Amino acid sequence: MLLARLRLVPLALWAGHASIAYGFVAVDCHVRAFGPPSLAPTGVRVALIVFTLAALAVSGLVAVLSVAAWRSREEDANGRRGFTAAFTGAIAAASVVYLTWSLVLIAAADVC
Amino acid sequence: MTATSDLEQLHETWSRPRTFLGWVSDVDHKSIGLRYLFTALTFFLVAGISATVMRTQLAVPNNDLVGPRRYDQLFTMHGTTMMFLFAVPVMQGLAVYLVPLMIGSRELVFPRLNAFGYWCYLIGGCALWLGTLLGHGPNDGWFNYPPLSLARFSPGINIDLYGAAVPLIEVSAVVGAAELIVTILGDRAPGMSINRMPLYVWSVLVMAFTVVLSFPPLIVAGWLLELDRNLSTHFFTPEGGGDPLLWQHLFWFFGHPEVYVMLLPGLGIVSSIVATFAGRKVVGYLLVALSFTLIGAISLGVWVHHMFVTGRSSLGLSFFSATTMSIAIPSGIQIFSVLATLRYGRVRLGVPLLFVLGFVFVFVIGGLTGVEVASIPFDSQVHDTYFVVAHFHYTLLGGVVLPLLGGLYYWFPRLSRRLLDDRLGIASFALIFTGINVAFFPLHIAGLNGMPRRVYTYPGGLGWSTPQLVSTIGAFLLALGFVVYAGNLVWSLFRGAAAGENPWNAGTLEWLPDDAFAKTPVVADAYPLWDGKLKLEASQLSVERRETLGTGTLDALPEQRSVEPGPTIVPLVTASGLAVAALGFVFDPLWVLVGGVIVALALVEWTRPAPAEWDMDYARSGAPGAPPTSWVAESVGVRPPILKGALMLFLIVGVMLSTLLSGYYYAAANAPTWPLDGMDPRPLLLGILSVLLAAAAAGALVVARRRVRAGGAGATWAAGAAVASLAVVAALIADMHRLDYNWATNATGSTEFAITGFMVIVEVALALAAGVVAAYARRGFFNAERFSGLTAVSWLSVFVALAWLPVFVTVYLGTRIF
């Protein structure tokens, strides 16, 4: 049941993460251009890392739930349950890869 | 009745009058699909002619065949036509024709909406080209960047035409996408669970969701540009606190997903052709469906790669660089799936497959250069050079045009029951494939040599002349290929060999014989014509009215019967009203009111039930054991199409409102102080009153629905909701009137007035809808069994009340927060 509710969340996280992270950095850089108050680069990185880790946790949860659903599928005469479980799990796994790579970027790239 | 007379009756029920009025009233998906295809291919021809003129101009240095002003219009209209008038509509037209056939349905869920979309597209496209032929065509590029496109620098009506017509055309795309989504998710043949949908249908489904999420921002952006140009607002004008880069964000949030909107159905076509000509199922069905979904989702997070040289922060850009590169993974899955299917199949080398092989070669080159320009340092060097021109022509010709040509060749026998001529087909493929590579490969070199785009001529001796000359020769080869292809279409339409029912021995339902229309296909595989388990069962649908079978979203179990409307002129009238509002605004803002009244009256007529529908016996009637009709489905716990359509409407309106709110916060974040010019914060009283009235309207409609459902009358409550919505409109107008600033004062005023103006339109629409359901409730149309119309409007009122929360926080509290 939980999986059914979360099925599309990793997709939204993948598409939304870049936009939200970009918007956050862009706003902070603009604000800094006009002087304080703004978050220091370290603060920006910490906020982004927290956001990314939260997204990672959700995507990871969906991936784990999908694998469990795929293994325990019952009464799957038309193969649909297995398909949706595999489909959701693969998207969640891809989202995990992207978010992990984002962590590297956040740690390494210049903020502004 | 006998089977034959049943079939005759069915054809009679689904036919239209053979008159001109019957023609313009037609709502049948096959007719509308063919009109989309014919219109889009006509626009393709016109855009192709403009391309050959440009290539002739650029063949040699210092050429003066075309002057700079005419050249500006040519390259603008070439891009605008190819992107807005050809590529998206042709793919949508093909989907409108094929999807119901492929999923075993008799019609799209909202046939009148389908016709409405086509008329919007036709009117918008003709307006653009009429203006161009009269010398007033858009001339600032298909992307139309401010500040060049603002009235100060482009004072004619050229850009107004773009700002008015393009949103009209995109309305067509959005409504088309909405109806495709609802149809695919709710009208598949029994047994066609989500894992048995043809891959082409998967591609259309993802494409449609991408359209719904990414096209509304361009509609809003077009309106904002028109407001800047005609009502002196300041969304994109720096002197009033606006920002030209806001346009780039809005445009590319639409513009890059649009590339995938065109590409996804192309990939779906490829999957169909490859399976048929390899004589086996596509290798990796799950992975291919997954890759469609990933391409659609990732495409929403890559738009800033068009803005790598606009001085944004490097960390911010790096996210977009990473997402752009990652799109190579699902694209690669597509290519490997094609190759593996061919490797493990029994390949027949037909002409459609030639186009697919051409796709693999050309699209891979375009994809590889795409990964290159996703790299920020590389893109900084080649930005706005001919390298980018070469890249996207490889991508679009490879990913869109070659699959489309292959697809038209493949489905031509289904459209016309005739075969195309293979000799002409091979000749056209050879010319087109050679032409693409000769025309566009040299442009990589011109770009790496530093040649900028969008110049009408250039000096010799810079290493640009030879690539440009070779490119022009290639363009004429390409044009010759298209002429041969078009000649083949026309010749074969009249003289082609008879095709038979399934000439390619394909596996999907669109190749069923025409008579199967009278039966209900029950499928057990993604390629039901191959597995030998397809059952054509006696249909439980009526032959005397236009019924389609509604099924569940995931497992496709029969749930309901939808009764679809027949031919009507209302979609044309509604589209005309919208066109009067959009295009009339270019000349006088008052035309918006005229167009709005036409649209409102047309929508009232649109929602009017047919006389027979008042009779509950008619609303319930059906064969013994048949599922309930969609009129009464909600009373037994099934969600009818009208409610699924309502959800799509909320998604579209929500994206539009989010766009406006984003514009506000973008302007606020860019401003040194907010509100600008030391303006006083907006008084709260009328804002709070508006929120309370909107909540009251929602509450009244919820009560109205509950009362009707319990067997009572809800007309008074629904009428009260209409009054409350009108009161919100009055409060908003009064609020805007008493302020000491307006939309033209600065960006604060512009963004606030745009958001509140949008809410005025939404509240007027809600008042109209509530008034209509109140009138029908009073006359007894709604009852404990039939109340879905009331449910839809009550949902709308709740949606509007919820939308008020971010609006109130932004407009009334925003200037206090920043």
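Labels below follow one simple rule: chain letters A, B, ... track the order of the sequence lines, proteins then strands, and each chain is numbered from 1. What you see is a predicted model, and the numbers here were worked out from it, not measured in a lab.
Your options are B:Ile194, B:Leu286, B:Leu554, and the one with the most heavy-atom pairs under 4.5 Å with chain A is B:Leu554. Between chain B and the options A:Ser95, A:Ala90, A:Ala21, heavy-atom pairs under 4.5 Å are most frequent for A:Ala21. The candidate with the highest count of non-hydrogen atom pairs below 4.5 Å against chain B, out of A:Ile91, A:Asn78, A:Leu105, is A:Asn78. For the options B:Gly301, B:Gly191, B:Ala297, heavy-atom pairs under 4.5 Å to chain A are most numerous at B:Ala297. Highest contact tally toward chain A, considering only B:Val302, B:Leu300, B:Thr323, is held by B:Thr323 [criterion: heavy-atom pairs under 4.5 Å].
Screening B:Ser337, B:Pro330, B:Ser203 against B:Val288 for a side chain to side chain contact (heavy atoms under 4.5 Å, CB included) leaves a single residue, B:Ser337.
For A:Phe87, the parts sitting under 4.5 Å from any heavy atom of chain B are the backbone and the side chain alike. Contact annotation for B:Ser321: neither backbone nor side-chain heavy atoms come within less than 4.5 Å of a heavy atom of chain A. In this structure, the portion of B:Ile298 lying under 4.5 Å from any heavy atom of chain A is its side chain and not its backbone. Interface remark: B:Ser326 contributes side-chain atoms only to the contact with chain A (heavy atom separation under 4.5 Å). Heavy atoms closer than 4.5 Å to chain B are found in the side chain of A:Thr84, but not in its backbone. Residue B:Ala524: no heavy atom, backbone or side chain, is found under 4.5 Å from chain A. Using a 4.5 Å cut-off between heavy atoms, B:Val304 contacts chain A through its side chain alone, with no backbone atom that close.
A ring-centre distance under 6.0 Å is not found for B:His306 and B:Phe251. For B:Trp247 and B:Phe253, the distance between ring centers is not under 6.0 angstrom. Not less than 6.0 angstrom separates the ring centroid of B:Tyr665 from the ring centroid of B:Trp674.
Listed for the A:Thr88 side chain is no donor-acceptor partner under 3.5 Å among the backbone atoms of A:Ser66. A distance-only check finds a donor-acceptor pair linking the side chain of B:Asp525 to the backbone of B:Tyr527 [under 3.5 Å].
Inspection of the B:Ser291 and B:Gln334 side chains reveals an N or O donor paired with an N or O acceptor under 3.5 Å.
Contact detail for B:Leu205 and B:Met197: the closest heavy-atom pair is CD2-CE, 4.1 Å.
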